[in-house]
Amino acid sequence: MNLDALTYAGNPENLSDVDLKYSGSKYRFVHGDITDSELISSVMEKHDIDLIIHLAAESHVDRSIHGPADFIRTNIFGTFVLLEAARKYWKNRTDVLFHHVSTDEVYGSLNESGLFTETSPYNPRSPYSATKAGSDHLVSAYFHTYQLPITISNCSNNYGPYQFPEKLIPLMILNMINSKPLPVYGDGLNIRDWVHVDDHNEGIWRIVTNGTIGSTYNLGGGNERTNIDLVKILCTEYSQINRQEKEELLSLIRFIEDRPGHDRRYAIDSTKLKSELGWKHSIDFQEGIRNTINWYLSHLDWVEQVKSGEYQNWIEKNYSGRM
Ligand code: TDX
């Protein structure tokens with residue numbers, strides 16, 4: 001059961017292969033909003049839901065800076081609606097699970113050394129991360145107060161196919177395809193830890209099948225890069241795949257005004273997930289990046305489709321000339 005509000009970043013096409021394979025039997029799609037409590041309660045009841053994997057969120061930091069309201073509504077209020085529906089429908093059942101998918105950004109920003117662990121204090125610094133921190137706290141509170149069976153995962157930056165082209169990696173790939181400038185915020189030395197979306201999914205699956213109730217698991221790529229290094233890697237890989245001069249691509253790099261409150265470094269210690277649940281990466285970074293570039297090159301129709309409409313209007317209003 002896939003419930004999605006299909007906002008600017010959602011697209012039913014993303015799961016068309018699953019739909020084709022399982023529609024009517026194992027897979028159903030419901031077009032709906034997690035803030036709609038009547039809808040959520042009726043879906044819970046009608047389909048006797050016993051596991052919720054909650055990934056529904058407004059997720060883009062830049063958007064949260066321009067307009068935090070949707071983030072508060074979906075990420076905090078929406079999480080509350082889901083938790084209430086689960087609490088009321090499941091009553092005191094223990095054979096059920098509410099898993100909340102969250103982010104490393106709740107822990108704030110690191111200096112050059114150190115890693116976030118599950119016990120790092122929360123210190124969110126953008127409207128986006130503040131709403132994810134708020135929703136994590138709510139989920140945790142439902143465990144302690146109502147004994148709702150929950151787990152939480154806090155993951156580092158994802159990359160891979162179907163990522164909406166507002167995020168760094170697809171944005172850079174698409175700008176290379178269109179010979180547009182590659183906008184790097186500030187000095188380009190902010191560090192992110194990258195993990196392939198398939199490795200993230202594998203981690204979530206391990207947690208929902210074998211995780212300890214009430215626990216948080218950190219999930220990171222063990223793969224830290226400064227933004228400028230990452231953009232250069234993308235230029236190198238893209239130039240080889242598309243037989244284009246690397247220098248030509250590098251010359252598109254532009255250092256532009258920094259993101260307000262830009263967190264300097266995120267890095268995650270995944271020891272707990274590895275030792276308790278046997279999770280490990282299966283996708284090598286260079287191979288993952290190459291596959292991602294190839295995926296975007298062969299899905300330009302999809303890109304056009306997701307970029308038409310509301311997203312395009314927003315970009316023109318807030319970022320004209322940048323992308
Ligand atoms: O044009 C850009 N130029 C640039 O330098 C963009 C879009 C980003 N950046 C920088 C900002 C960040 O340091 O690249 C880094 C990555 O930026 P994003 O792709 O916007 O991701 P980030 O802000 O790190 O957050 C992402 O990872 C954690 C997701 O958007 C979050 O939802 C997730 O929780």
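Numbering of ligands and ligand atoms starts at 1, following listing order. For the single chain, residues carry numbers from 1 onward in sequence order.
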Student: Using a 4.0 Å cutoff against the non-hydrogen atoms of His60, which atoms of ligand 1 qualify?
Tutor: 20 (O)
Student: Are Lys272 and Glu118 close enough for a salt bridge, meaning some N to O gap below 4.0 Å?
Tutor: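 So Lys272 does not pair with Glu118 through a salt bridge.
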Student: I need the single residue from His137, Glu84, Arg87 that forms a side-chain hydrogen bond (donor to acceptor under 3.5 Å, both in side chains) with Tyr142. Which is it?
Tutor: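 So the option named by the test is Glu84.
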Student: Show which atoms of ligand 1 fall inside a sub-4.0 Å distance from at least one heavy-atom site of Glu105.
Tutor: 22 (P), 23 (O), 24 (O), 25 (O), 26 (C), 27 (O), 28 (C), 31 (C), 33 (C), 34 (O)
Student: At less than 4.0 angstrom from any non-hydrogen atom of Leu168, what atoms of ligand 1 do you find?
Tutor: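 Ligand 1 atoms under the 4.0 Å threshold to Leu168: 2 (C), 3 (N), 4 (C), 6 (C), 8 (C), 9 (N), 14 (O), 16 (C), 19 (O).
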Student: Are the aromatic rings of Phe98 and Phe143 close, with centres under 6.0 Å apart?
Tutor: no
Student: In terms of the angle between their ring planes, are Tyr266 and Phe116 parallel, tilted or perpendicular, with boundaries placed at 30° and 60°?
Tutor: tilted
Student: Among the heavy atoms of Glu166, does any lie under 4.0 Å from an atom of ligand 1?
Tutor: yes
Student: In terms of ring plane angle, is the pair Tyr107 and Tyr122 parallel, tilted or perpendicular, where the classes change at 30° and 60°?
Tutor: perpendicular
Student: For His262, take its heavy atoms, then give the atoms of ligand 1 lying under 4.0 Å from any of them.
Tutor: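 With His262 as reference, the close atoms of ligand 1 come out as 11 (C), 12 (C), 13 (O).
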Student: Examine the side chains of His31 and Asp4 and answer whether a donor and an acceptor come within less than 3.5 Å of each other.
Tutor: no
Student: Please work out which of the three classes, parallel, tilted or perpendicular, describes the rings of His281 and Trp279, given edges at 30° and 60°.
Tutor: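 If you compare the ring of Trp279 with that of His281, the planes turn out perpendicular.
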Student: Looking only at non-hydrogen atoms, which of Glu58, Arg264, Arg259 approaches atom 23 (O) of ligand 1 most closely?
Tutor: Arg259
Student: Is it the side chain, the backbone, both or neither of Ile169 that has a heavy atom closer than 4.0 Å to ligand 1?
Tutor: neither
Student: Hey, does Tyr266 come in under 3.5 Å of ligand 1, counting only N/O atoms on both sides?
Tutor: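 In fact, backbone or side chain, Tyr266 has no N or O that close.
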Student: Which is closest to atom 14 (O) of ligand 1 by heavy-atom distance: Val106, Asn175, Asp263, Asn227?
Tutor: Asn227
Student: Do Thr103 and ligand 1 have an N or O pair less than 3.5 Å apart?
Tutor: yes
